[in-house]
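Here's a structure for you.
For the numbers below, each heavy atom of this structure counts, side chains included, while hydrogens, waters and symmetry mates do not. Within every chain, numbering begins at 1; the chains are lettered A, B, ... in the order of the sequence lines, protein sequences first and strands thereafter.
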Amino acid sequence: MKNEVSDYSIDDLKKDRKTDWSGVRNYQARNFMRDDMSDGDLAFFYHSNVDPSGIAGIMNIVGTAKPDETQFQKKSKYFDEKATKQNPRWFLREVQFVEKLPRLVSIQELREISDCKDMMILRKGNRLSITPVSEKEWKAALKASKK
DNA sequence: GCCAACGTTGGC
DNA sequence: GCCAACGTTGGC
């Protein structure tokens, strides 16, 4: 799960312990988040738009997918006039802080790990903020953070 | 700050 | 329903 550091970082989550992962406004990313996650799943917190960008920490998915309330808030930059309470368009997950990695695993490093080379986040032109990670990829990336 | 990639919008 | 124009993302 990717976020701009200047907006919200792993350190913010460490402080807050829990947060709603709101503001996802891409259908594919929404589907991954709404349909392919389960209560208790682990997720990487990826820092984007920073030097270096990469995996900064681990979090825990809490509960089920819920409507993202910002879609109903006229003043929010995430407001969506076509979304209704009866038929919400955008969803979020609550996430809980698990740990900050001992060391950030940068995108350059990820590209060099053979077990991670197929990660969706590494694909050229990828802009999805939520992407799946396989068990193999998870283990290899985590191992790299402990080197 | 540049720009490739790609999602979205809207005229037709 | 096509597709040009436009906007956004995010690595570099």
Side-chain angles (χ1 to χ4, degrees), chain A residues 1-16 18-37 41-61 65-147:
Chain A
M1 301 174 79
K2 183 159 71 179
N3 205 52
E4 291 192 29
V5 175
S6 56
D7 173 51
Y8 195 85
S9 74
I10 188 73
D11 292 316
D12 294 315
L13 182 62
K14 186 175 182 180
K15 207 181 327 154
D16 297 344
K18 275 186 182 182
T19 195
D20 282 337
W21 203 270
S22 61
V24 172
R25 293 293 182 274
N26 170 285
Y27 289 106
Q28 213 183 338
R30 178 204 68 184
N31 293 346
F32 284 139
M33 189 162 64
R34 187 187 58 183
D35 307 334
D36 297 339
M37 291 179 177
D41 279 355
L42 294 176
F44 283 136
F45 192 134
Y46 182 95
H47 283 178
S48 70
N49 251 310
V50 67
D51 189 19
S53 58
I55 299 171
I58 299 176
M59 31 193 204
N60 186 12
I61 304 301
K66 297 178 287 191
D68 180 345
E69 291 298 317
T70 60
Q71 71 193 301
F72 308 125
Q73 294 161 3
K74 269 218 158 89
K75 285 181 187 159
S76 169
K77 68 183 271 209
Y78 298 115
F79 177 68
D80 185 338
E81 58 177 8
K82 289 178 185 153
T84 62
K85 296 253 182 190
Q86 291 71 31
N87 191 15
R89 182 179 283 192
W90 306 111
F91 292 82
L92 58 74
R93 290 277 182 164
E94 190 177 22
V95 296
Q96 182 174 35
F97 177 81
V98 174
E99 67 168 307
K100 182 177 177 176
L101 294 185
R103 196 174 66 70
L104 181 129
V105 181
S106 70
I107 187 168
Q108 301 95 301
E109 274 183 88
L110 283 177
R111 290 189 198 284
E112 286 166 10
I113 300 170
S114 63
D115 279 347
C116 290
K117 67 179 193 312
D118 294 329
M119 284 181 85
M120 194 177 283
I121 202 168
L122 300 180
R123 287 192 198 157
K124 193 174 182 182
N126 168 67
R127 296 181 326 178
L128 287 177
S129 60
I130 314 280
T131 51
V133 178
S134 74
E135 195 162 344
K136 181 177 82 170
E137 292 158 353
W138 178 274
K139 284 181 178 160
L142 202 53
K143 196 171 151 198
S145 76
K146 286 171 179 158
K147 272 185 199 153

**OP:** Please list, by residue number, the residues of residues 66-85 of chain A whose heavy atoms come closer than 4.0 Å to an atom of DNA chain B; answer none if no residue qualifies.
**Re:**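 Under 4.0 Å from DNA chain B: no residue of residues 66-85 of chain A.
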
**OP:** Please determine if A:E137 and A:K117 form a salt bridge, counting it only when a charged side-chain N lies under 4.0 Å from a carboxylate O.
**Re:**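 Judged by the 4.0 Å cut-off on N to carboxylate O distance, A:E137 and A:K117 do not form a salt bridge.
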
**OP:** Indicate yes or no: does A:D12 engage A:K15 in a salt bridge with an N to O separation below 4.0 Å.
**Re:**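 A salt bridge is present here (some side-chain N lies under 4.0 Å from a carboxylate O).
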
**OP:** Output all residues satisfying side-chain hydrogen bond (donor to acceptor under 3.5 Å, both in side chains) with A:T84, sequence neighbours left out; order by chain, then residue number.
**Re:**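 Counting only residues at least two positions away or on another chain, A:T84 forms no side-chain hydrogen bond (donor to acceptor under 3.5 Å, both in side chains).
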
Subject >> Covered region of DNA chain C, 5' end to 3' end, by chain A [heavy atoms, under 4.0 Å] >> reply: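 In short, chain A contacts DNA chain C from C:dG7 to C:dC12.
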
Subject >> Among A:T131, A:V24, A:I61, the one residue meeting side-chain contact (heavy atoms from CB on, under 4.5 Å) with A:M1 >> reply: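 Exactly one option meets the side-chain contact (heavy atoms from CB on, under 4.5 Å) with A:M1, and it is A:I61.
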
**OP:** Please determine if A:R25 and A:D68 form a salt bridge, counting it only when a charged side-chain N lies under 4.0 Å from a carboxylate O.
**Re:**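 A:D68 and A:R25: salt-bridged.
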
Atom pairs and distances, side-chain donor-acceptor, residues 48-56 of chain A, under 3.5 Å, sequence neighbours left out:
from  : atom 1 : to    : atom 2 : distance (Å)
A:S48 : OG     : A:N3  : O      : 3.4
A:N49 : ND2    : A:E4  : OE2    : 3.4
A:S53 : OG     : A:Y46 : OH     : 3.4

Subject >> Toward the 5' end of DNA chain B, by each residue's nearest nucleotide, A:N26 or A:N49 >> reply: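 Its nearest nucleotide being more 5', the pick is A:N49.
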
Original post:
Base, sugar-phosphate, or nothing for A:R111, non-hydrogen atoms under 4.0 angstrom?
Top reply: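 Sugar-phosphate only.
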
Subject >> Check ion pair A:K143-A:D115 (N to O, under 4.0 angstrom) >> reply: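 Looking at A:D115 together with A:K143, the answer is no, because their closest N to O distance does not fall below 4.0 Å.
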
**OP:** Decide, yes or no, whether a salt bridge links A:E69 with A:K85 under the criterion of side-chain N to carboxylate O below 4.0 Å.
**Re:**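 So A:E69 pairs with A:K85 through a salt bridge.
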
Original post:
Can you list the residues that meet the ring pair (Phe, Tyr, Trp, His ring centres under 6.0 Å) rule with A:Y27, with sequence neighbours excluded?
Top reply: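 With sequence neighbours excluded, A:Y27 shows a ring pair (Phe, Tyr, Trp, His ring centres under 6.0 Å) to A:W90, given in chain and number order.
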
Original post:
Between CZ of A:R30 and CZ of A:F91, what distance do you get to the nearest 0.5 Å?
Top reply: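 Taking CZ in A:R30 and CZ in A:F91, the distance rounds to 7.0 Å.
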
**OP:** Go through residues 117-131 of chain A and report each residue with a non-hydrogen atom lying under 4.0 Å from DNA chain B, sorted by number.
**Re:**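 Result for residues 117-131 of chain A: A:K124, A:G125, A:R127, sorted by number.
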
